[in-house]
Amino acid sequence: METKTILIKNTTILAKGLRKGSVLIEDGKIIDINNKIRFWGIDEVIDAEGKILIPGLVNTHTHLSMNLMRGLADDLPLDVWMNDHIWPVEAHLEGEHCYAGALLAALEMIKSGTTTCDDMYFFMDDVARAIDESGIRGLLCHGMIDLFDEEKRKAECKETKRIIEKCHNTADGRIQVALGPHTPYTCSTELLNWVRKKADEKGLKIHIHVSETEKEVEDSLNDRKKRPFEYLDDIKFLGPDVIAAHAVWLSGAEIALIKENNVKISHNPLSNMKLASGISPVSDMLANGICVSLGTDGAASNNSLDLFQEMKIASLLQKVRTLDPTVLPAGAVLEMATMGGATALGMEKEIGTIEVGKKADLVLMDRRAPHLTPYRNPVSHLVYSAEGPDVSTVICNGEILMRENEVLVLDEMEVIEMAENASEDLLSRR
Ligand SMILES: [Zn+2]
């Protein structure tokens with residue numbers, strides 16, 4: 001990456017409270033936050049008067065390429081949705097579909113202020129290509145499903161190894177690779193053991209869906225006489241490197257296991273609501289000191305990747321669950337979408353806050369809009385009133401991806417047309 005100096009001046013910075021000031025970026029990092037920053041030798045000056053500067057948002061559970069399946073099968077329970085609609089389409093996926101879907105998703109995320117995502121899907125080298133071109137940050141894993149079949153298991157391990165070798169630590173470090181066993185009910189114990197061993201050996205994260213529906217827990221109790229997190233603890237799979245998506249149906253003992261093993265949670269309220277999966281006990285987990293982050297899940301079960309929607313719903317849903325309006329206040333949910341996400345992905349030293357020495361993953365929000373007026377309580381506005389389209393400028397790793405609502409890294413119309421064609425082609429193969 002070439003040396004580039006960017007100055008964001010006259011802005012309101014969300015960093016340990018709010019303050020007026022300027023932020024200086026050099027070599028992809030924040031090197032100064034001040035009111036009196038030098039103005040010479042700067043490649044690019046962004047006058048951010050009337051804007052609020054926040055850390056880039058972190059989406060800790062998604063399936064980017066499923067953007068091609070947006071609106072394909074709505075209003076169905078998870079098992080019917082997956083078995084009868086999603087899997088039959090996914091059987092025809094090719095790398096170019098995944099590339100087009102991921103590029104569309106990256107565009108959608110840039111336009112709504114997300115600079116980092118944790119993605120599990122297929123043809124991940126094609127997804128990595130899209131992440132590389134779009135300039136965002138991604139922790140990517142091949143979704144492994146062996147359905148208790150040895151041949152399938154071997155093929156899944158081989159594909160995972162291929163993706164690690166090809167993509168881990170690429171694109172100036174913006175792309176990392178994780179291990180992605182799909183769920184405890186689609187993966188054998190042998191596969192989960194292989195994943196644990198590989199994670200320890202290579203220091204990689206593990207991304208898995210756990211306890212999304214009540215049926216999953218009932219089946220686990222029938223088949224294994226244990227609840228999903230109890231089973232995972234039993235086989236010594238759990239650890240601080242595990243990012244567990246959903247975690248909706250939890251017993252008190254399972255919350256204790258999550259805490260004990262320092263497992264990171266990705267809460268996906270909109271997907272859980274749409275598939276009527278249930279409500280995760282997020283405020284209980286937070287009260288126990290568990291790291292809970294936010295994810296959108298794929299666009300086939302959300303149907304948007306806008307983390308502003310996710311933040312608002314996450315907060316409201318906990319209030320409804322507990323009948324207590326004081327739980328999960330705006331500041332706490334904003335933390336989940338920024339530092340919580342960074343911590344879940346093991347990137348807490350690099351991203352998640354606006355601090356000197358951290359990577360410049362930054363988002364400018366327009367605050368001069370009817371729905372954000374009066375400008376009294378910006379943190380409340382960010383969670384309860386703001387929307388993706390309020391994002392005006394996005395910087396990731398010190399590169400300007402969008403400036404004053406103009407995406408600089410991708411041709412928007414070209415990406416949309418490519419995704420339309422890829423989706424049509426994919427669905428015609430059913
Ligand atoms: Zn998912």
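Here, residue 1 is the first one in the sequence, and each next residue gets the next number. Order of appearance sets the numbers: ligands from 1, and atoms from 1 within every ligand. This structure is a prediction, so every number in the text was calculated from the model and none was measured.
Using a 4.0 Å cut-off between charged nitrogen and carboxylate oxygen, R162 and E159 count as a salt-bridge pair. A salt bridge links K154 to E150: at least one charged side-chain nitrogen sits closer than 4.0 Å to a carboxylate oxygen. A salt bridge is absent between D306 and K111: the closest approach of a Lys/Arg side-chain nitrogen to an acidic carboxylate oxygen does not fall below 4.0 angstrom. Salt bridge status for R196 with D241: present, with a side-chain N to carboxylate O gap under 4.0 Å.
Under 2.8 Å from the Zn ion (ligand 1), one finds the following protein N/O/S atoms: H61 NE2, H63 NE2, H209 NE2, D297 OD1.
A distance of 10.5 Å separates CZ in R129 from SG in C167, rounded to the nearest 0.5 Å.
The aromatic rings of H61 and H246 lie perpendicular to each other, with more than 60° between the two planes, well past the 30° mark.
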